[in-house]
Amino acid sequence: MPDTPQPALLQSSPILDYGHPRIQALLSERGWSLLPEAERIGAIYDFVRKDIAFGYNSGDEIPASQVLADGLGQCNTKGSLLMALLRASGIPCRFHGFTIDKRLQKGAITGLAYWLAPRSIVHSWVEVWLDGRWLELEGFILDAAYLSALQRRFPQARAFCGYGAATPNLQAPGVEWCGRSTYIQKDGINHDFGRFDTPDGFYARHGSNLSGLKRWLFVHAIRHAMNRRVRAIRQFPA
């Protein structure tokens, strides 16, 4: 039998700040809590995947409300927003932490940014409880426009690692919500840290990707260049 969710997996936290007015306004506007559970998960998942662009925030540990305000994120920050919205809508979920080889980011990250990145980058996915089992959700990381641009840029690619993806089939990576697990970076994982009730607990134990001068450079300069690079990739012609 799978381990069943505990009440803690519905609670808020400083990162999962679903009581924030910005998040509450979105929940009220979308009416997700009125949907059956599977549809509710799918609607929230699709919002995070499609409406929150792939990109780089100021850090992994920012609250979900800031991710929503930024309108963009990567695996860890989009995951925080997904968890906050799920919990606020009554869906138990948990955080599963990993590292991925930085080769997975090559192409999306270039030059100094790639050199500064640690060899193993902190990564995560969200596990959600549905119909008596845990599902692993990772396919929300790349927005649909960015993924489509990669597919156009590499039309013959199947097994693929780079540009923020690590998948056995770039042309059909299985990121759509169909009531089962979704992945887009799984094939790049090189270490498993296990499961945590919140991202807060994970970062308190394992930290995030950058600190000190590297963190300052990232926040104030490098991430802006990285986001320009991502926007350029997204505009690859049809």
Side-chain angles (χ1 to χ4, degrees), residues 1-18 37 41 44-45 48-49 52 54 56-57 59-64 66-67 73-105 117-142 161 164-168 173-175 177 179-211 214-215:
M1 292 289 291
D3 51 328
T4 56
Q6 303 301 311
L9 300 186
L10 285 170
Q11 293 176 0
S12 64
S13 72
I15 292 179
L16 306 181
D17 64 336
Y18 60 72
E37 281 193 351
I41 295 168
I44 294 170
Y45 174 90
V48 174
R49 182 170 73 90
I52 305 299
F54 174 54
Y56 299 93
N57 314 89
D60 289 333
E61 310 99 319
I62 64 172
Q66 185 59 53
V67 182
Q74 32 81 351
C75 55
N76 302 316
T77 52
K78 289 184 76 168
S80 294
L81 179 58
L82 178 61
M83 289 185 70
L85 295 175
L86 288 169
R87 289 191 179 188
S89 302
I91 302 294
C93 58
R94 62 192 184 190
F95 177 102
H96 197 146
F98 306 91
T99 58
I100 51 174
D101 190 293
K102 76 174 183 178
R103 291 184 306 110
L104 184 153
Q105 297 284 0
R119 182 65 185 176
S120 292
I121 299 173
V122 171
H123 172 62
S124 62
W125 66 45
V126 174
E127 297 182 355
V128 63
W129 183 257
L130 178 65
D131 295 336
R133 70 192 194 282
W134 288 103
L135 301 177
E136 299 165 348
L137 301 182
E138 188 200 54
F140 58 84
I141 300 168
L142 304 184
C161 183
T167 175
V175 297
W177 169 252
R180 57 178 180 263
S181 297
T182 68
Y183 306 102
I184 192 61
Q185 295 185 348
K186 182 181 179 182
D187 286 13
I189 289 171
N190 59 17
H191 183 77
D192 187 340
F193 286 115
R195 299 174 179 90
F196 293 77
D197 289 356
T198 64
D200 313 54
F202 173 82
Y203 296 126
R205 180 176 297 182
H206 296 290
S208 57
N209 281 309
L210 297 173
S211 60
K214 286 185 177 182
R215 176 69 176 263

TODO: Indicate the atoms forming the closest heavy-atom contact of His123 with Cys75, along with that distance.
DONE: ND1-SG, 3.3 Å
- [ ] Answer yes or no: is there a side-chain heavy-atom contact under 4.5 Å between Arg94 and Trp134?
- [x] yes
Open item on the list: If the condition is salt bridge (charged side-chain N to carboxylate O under 4.0 Å, His left out), which residues does Arg205 pass it with, not counting sequence neighbours?
Closed with: none
- [ ] State, with a plain yes or no, whether a side-chain heavy atom of Leu142 is found less than 4.5 Å away from one of Val175.
- [x] no
Task: Pairs satisfying salt bridge (Lys or Arg N to Asp or Glu O under 4.0 Å), at least one member in residues 181-203, at least two apart - done: Glu127-Arg195
Open item on the list: Evaluate His191 against Phe98 for side-chain contact (heavy atoms from CB on, under 4.5 Å), listing each step before the verdict.
Closed with: CA-CA 5 Å; His191 183 77; Phe98 306 91; over 6 Å; no
- [ ] State, with a plain yes or no, whether a side-chain heavy atom of Ile121 is found less than 4.5 Å away from one of Thr99.
- [x] no
TODO: Measure the spacing between CG of Leu130 and CD1 of Ile91 and express it to the nearest 0.5 Å.
DONE: 7.5 Å
Open item on the list: I need the minimum non-hydrogen distance between Gly139 and Tyr45, along with the two atoms involved.
Closed with: C-OH, 3.1 Å
Open item on the list: Contact between Trp129 and Leu135 at the side-chain level, heavy atoms closer than 4.5 Å - yes or no?
Closed with: no
Task: Pairing residues for Tyr18 by the ring pair (Phe, Tyr, Trp, His ring centres under 6.0 Å) criterion, not counting sequence neighbours - done: none
Task: Results of side-chain contact (heavy atoms from CB on, under 4.5 Å) for Pro199 - residues two or more places apart only - done: Ile15, Leu16, Ser80, Met83, Phe95, Tyr203
Open item on the list: Test of understanding: with side-chain hydrogen bond (donor to acceptor under 3.5 Å, both in side chains), list the residues that count as partners of Ser12, not counting sequence neighbours.
Closed with: none
- [ ] Just jot down the side-chain contact (heavy atoms from CB on, under 4.5 Å) partners of Thr77, sequence neighbours excluded, or say none.
- [x] Asn57, Ile62, Val67, Gln74
Open item on the list: As an exercise, state the distance from CG of Leu137 to CZ of Arg49, rounded to the nearest 0.5 Å.
Closed with: 11.5 Å
Open item on the list: Can you list everything that forms a side-chain hydrogen bond (donor to acceptor under 3.5 Å, both in side chains) with Glu37? Sequence neighbours excluded, please.
Closed with: none
Open item on the list: So does Arg119 get a backbone contact from the side chain of Lys102, meaning a donor-acceptor N/O pair under 3.5 Å?
Closed with: no
Task: Residues in salt bridge (charged side-chain N to carboxylate O under 4.0 Å, His left out) contact with Arg103, at least two apart in sequence or another chain - done: Asp101
Open item on the list: Could you work out, with side-chain hydrogen bond (donor to acceptor under 3.5 Å, both in side chains) as the rule, every residue matching Asp131, not counting sequence neighbours?
Closed with: none
Task: Separation between OG of Ser124 and NE2 of His96, rounded to the nearest 0.5 Å - done: 10.0 Å
Open item on the list: Check whether Asn76 reaches the backbone of Glu61 with its side chain - one donor and one acceptor, N or O, closer than 3.5 Å.
Closed with: no
- [ ] Please answer whether the main-chain N or O of Ile141 pairs with a side-chain N or O of Lys78 as donor and acceptor at a distance below 3.5 Å.
- [x] yes
Open item on the list: Minimum heavy-atom separation for Ser89 and Ile44, please, with both atom names.
Closed with: OG-CD1, 3.5 Å
- [ ] Please name all residues satisfying ring pair (Phe, Tyr, Trp, His ring centres under 6.0 Å) with His206, sequence neighbours left out, ordered by chain then number.
- [x] Phe193, Phe196, Phe202
- [ ] Search all heavy atoms of Ala84 against all heavy atoms of Ala64 and return the closest pair with its distance.
- [x] CB-CB, 3.6 Å
Open item on the list: Contact between Ser181 and Trp125 at the side-chain level, heavy atoms closer than 4.5 Å - yes or no?
Closed with: no
- [ ] Check ring pair (Phe, Tyr, Trp, His ring centres under 6.0 Å) between Phe140 and all other residues, then give those that pass, not counting sequence neighbours.
- [x] none
Open item on the list: Among residues at least two apart in sequence or on other chains, which ones pass side-chain hydrogen bond (donor to acceptor under 3.5 Å, both in side chains) with Thr167?
Closed with: none
TODO: Please tell me if the side chains of Asn190 and Ile100 come closer than 4.5 Å, counting only heavy atoms from C-beta onward.
DONE: no
Open item on the list: If I compare all heavy atoms of Leu104 with all of Gly188, which pair ends up nearest, and what's the gap?
Closed with: CD1-CA, 3.9 Å
Open item on the list: Check whether Gln185 reaches the backbone of Gly164 with its side chain - one donor and one acceptor, N or O, closer than 3.5 Å.
Closed with: yes
TODO: Hey, could you give me the OG1/CD distance between Thr182 and Glu136, rounded to the nearest 0.5 Å?
DONE: 9.5 Å
